[in-house]
Engineer: 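My questions will all concern the structure given below.
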Amino acid sequence: MSIAPEKPLIDQPLSLLRGVGPKIEEKLNKIGLHNIQDLLFHLPLRYQDRTRVVPMGSLRAGDQAVVEGSIDLAEVSFGRRRMLLCHISDGTGSLILRFFHFSNAQKESLSRGSHIRCFGEIRLGKKTLEMIHPEYQRFSELPDIADEDALTPIYSTTDGVHQLKMRDLMQQALQRLSISQFALTEYVAENILSDNNLMDINKAVQILHYPPPDVSIDLLVQGRHPAQQRLVFEELLAHYLSLRQLRQKMQKHNAHALQNNHEQWQVFLSALDFSLTNAQQRVIKEIARDIEHAIPMMRLVQGDVGSGKTIVAAAAALMAITSGHQVALMAPTEILSEQHRQNFCQWLEPMGINVVWLSGRMKVKQRREALEKIAGGEANMVIGTHALFQDEVVFSQLALVIIDEQHRFGVHQRLALREKGNGMAPHQLIMTATPIPRTLAMTAYADLDVSVIDELPPGRKPVGTVVIPESRRSEVLVRVKHACSQGSQVYWVCTLIEESESLQCQAAAESADLLQQALPDCRVGLVHGRLKAEEKEQIMNRFKAGKIDLLVATTVIEVGVDVPNASLMIVENAERLGLSQLHQLRGRVGRGAKESNCVLIYQGRLSQMAKARLAAMRETNDGFIIAQRDLELRGPGEVLGTRQTGMVQMRIADIVRDQYLMPAVSMAAEEMLTRHESKVPHLIRRWLGDNIQYGQV
Ligand code: ADP
Ligand code: MG
């Protein structure tokens, strides 16, 4: 081994390894591996146990096993497909090896009487157990070379760097690691290691790439081996630190200190036709306490659908506006931004506050006027979609940015809004209806403070949910008819098979026609993504005003839409939707005093996952429980959506499985930041590598 420069592994290029030329190096770079340390942190995805030869008599279908025996017969069979069948036995039982692709030479070599060792998955064939295309070695007599002496790691690979190559490179890297001058530097402070019972980093890496045979493969599979937990802890710590650092940097900027105007606040409250829940009041206080400082607020408000987040946003806006500043409210869809415009106009305009809406449907002249009002400071409250980010939108006094249903926005968009504060950082208030468990929030939102609206307005009744097959559609129609005749309003959501949006919209239009025919007394409306913003707005307003009984819609109504008189929701092809999407949809009903219902119609046979989702919907209305279930079913990457996709792609930690470590990780992080700050960048670099989040802040 050429151990050229006396540099730490992080500075040793991959080309120092045998078998790595420029081409392979480039391929490794592409999967984020740039040096030998990176390679060592490319941890196995899973393991195979090839350390024991299993007697054929004790094999079961589904096992992955090494077997050894002698070849009894090798024959080419000409069925529907030509294939090579090799019969082997070991005295305890027998097995067929089946090859669909084979060469003549291969066939010749598998001759009767020779010995073979193979590895593969056992399947149940027609007559006996089989292995299809096993990995094998042939010997002229039974070998007495030792079996593999460690569990075999399986790595994620890349085009041109296959499993065996990766294993070979890893062996070379491990050899370097075992030389003391190249040992990995310990960045986690000594006392954190001992307090948390964490083993030495070098030992942990060694074990995970080369687990001795006495290591429990079950522990490894579950991710519970101490070597894994050691690295999991460090990885979570690195991610957490990167978010805390981001926060620290953000908070070095100056923000406007805002003050609550008690008089105006009373005017605002007395105009509402309800009183705030305790949870709403508490969260409003938390916000008020943040924004009275000249440090930018970074607060996330979590609240289940219907918990009344909008009024909390309005309260925050009022504080900023009565302090003489502007507020931007960003919604994920046009429909929702229009709804916010209506609410904010109703709440704030009587108080002399100027609300301006920026919408995609504005005529050039209108738009120019709106932009002028925003730039001139005449507009106090600006509402729109992500169009608010465009360069031509210039604010004069922006002090607060509110982002509704933030799981639809990327972090980068948030950063872009920050640019709009004319040198001052706006306070940020982010509202989400995807509640996540507290320990998970600690990981995912470590850069934010979190407030929870954990109470629904009084009088809400849980939405009764039924799941029924498509074949009972006629019963659903009866139900819809009945609801309409009672003066209730109904959503009919078409979630379609088609990938293309235009086909989806077309299919929704057809459903609307069919429903109108089947229910001639109902006033049927249709809303979908292909309509012009103006048309959407008209339809939604007519539905709100009770002039439409049955609103047929695509999932455009998923987020935020608020029509309290609607009390029945039908979702077609519900099996196609994710759990949080279903919960969002169902959240459109159950907002008024009426008893509400939701009918989930499914088509065909349900997969296990779909069954689990629909069962969860039937069993609970609680967004936190749904979110937890969703996490278990889909994993955090999907659930947290576009936010910080980098952050949830961890190498070894699983933020659901390893949630329980978070309290200890956050304590360790504070300790690292206060007492060992110089080690922090190294730790982050080790785990986040190229993906260091949102780079420059
Ligand atoms: P979400 O949290 O899903 O955004 P909204 O802000 O749309 O919820 O509020 C849902 C409905 O509840 C709205 O009709 C709103 O006016 C009403 N609401 C909000 N707060 C209260 C309250 N404290 N008491 C009664 N109704 C409320
Ligand atoms: Mg909302």
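Excluded from the calculations below are hydrogen atoms, water molecules and symmetry mates; all remaining heavy atoms, backbone and side chain alike, are included. We count ligands from 1, going down the list as the structure has it; atoms in each ligand are counted the same way.
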Engineer: Is it true that the side chains of Glu338 and Gln342 contain a donor and an acceptor less than 3.5 Å apart?
Structural biologist: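 Result is yes, a qualifying pair exists.
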Engineer: Restricting to non-hydrogen atoms, name the atom on Gln302 and the atom on Val450 that form the minimum distance, rounded to 0.1 Å.
Structural biologist: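 Shortest heavy-atom separation between Gln302 and Val450 comes out as NE2-CG1, 3.6 Å.
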Engineer: Tell me whether ligand 1 is touched by Arg460 - counting only heavy atoms on the residue side and a distance under 4.0 Å.
Structural biologist: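 Arg460 counts as a contact of ligand 1 under the 4.0 Å cut-off.
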Engineer: Heavy atom of Ser275 under 4.0 Å from ligand 1?
Structural biologist: yes
Engineer: Please state whether Asp304 comes within less than 4.0 angstrom of ligand 1, counting heavy atoms only.
Structural biologist: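 So Asp304 counts as touching ligand 1.
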Engineer: So, is Gly308 polar-close to ligand 1, with some N/O to N/O distance under 3.5 Å?
Structural biologist: yes
Engineer: Among Thr310, Leu276, Val301, whose heavy atom sits nearest atom 6 (O) of ligand 1?
Structural biologist: Thr310
Engineer: With side-chain hydrogen bond (donor to acceptor under 3.5 Å, both in side chains) as the test, would you mind laying out the steps for Glu286 and Ser451 before giving the verdict?
Structural biologist: CA-CA 8 Å; Glu286 287 167 354; Ser451 294; 2.5 Å; yes
Engineer: Of the side chain and backbone of Met431, name the one, both, or neither that has a heavy atom under 4.0 Å from an atom of ligand 1.
Structural biologist: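 No part of Met431 is near ligand 1 at this cut-off.
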Engineer: What I want to check is whether the side chains of Asn565 and Lys594 have a donor and an acceptor closer together than 3.5 Å.
Structural biologist: yes
Engineer: Kindly confirm or rule out an N or O of Pro458 lying under 3.5 angstrom from an N or O of ligand 1.
Structural biologist: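 No, since none of the N or O atoms of Pro458 sits under 3.5 Å from an N or O of ligand 1.
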Engineer: Taking atom CZ of Arg613 and atom CG of Leu600, what is their separation to the nearest 0.5 Å?
Structural biologist: 11.5 Å
Engineer: Measure the spacing between CG of Leu258 and CE of Met319 and express it to the nearest 0.5 Å.
Structural biologist: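 Spacing of CG (Leu258) from CE (Met319) equals 9.0 Å.
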Engineer: For ligand 1, note which part of Asp562 has a heavy atom under 4.0 Å away: side chain, backbone, both or neither.
Structural biologist: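 Looking at Asp562 and ligand 1, just side chain atoms fall under 4.0 Å.
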Engineer: Could you tell me whether some N/O pair between Gln280 and ligand 1 is separated by less than 3.5 angstrom?
Structural biologist: yes
Engineer: Would you mind running through ligand 1 and noting each atom that sits below 4.0 Å from a heavy atom of Val305?
Structural biologist: 3 (O)
Engineer: Which heavy atom of Glu595 sits nearest to which heavy atom of Pro462, and what is that distance?
Structural biologist: OE2-O, 4.3 Å
Engineer: Please verify whether a non-hydrogen atom of Gly306 lies at under 4.0 Å from ligand 1.
Structural biologist: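 The answer is yes, since Gly306 has a heavy atom less than 4.0 Å from ligand 1.
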Engineer: Taking 4.0 angstrom as the limit and counting only heavy atoms of Thr277, give me the atoms of ligand 1 inside it, by number and element.
Structural biologist: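 It comes down to these atoms of ligand 1: 23 (N).
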Engineer: Between the side chains of His340 and Asp404, does any donor sit under 3.5 Å from an acceptor?
Structural biologist: yes
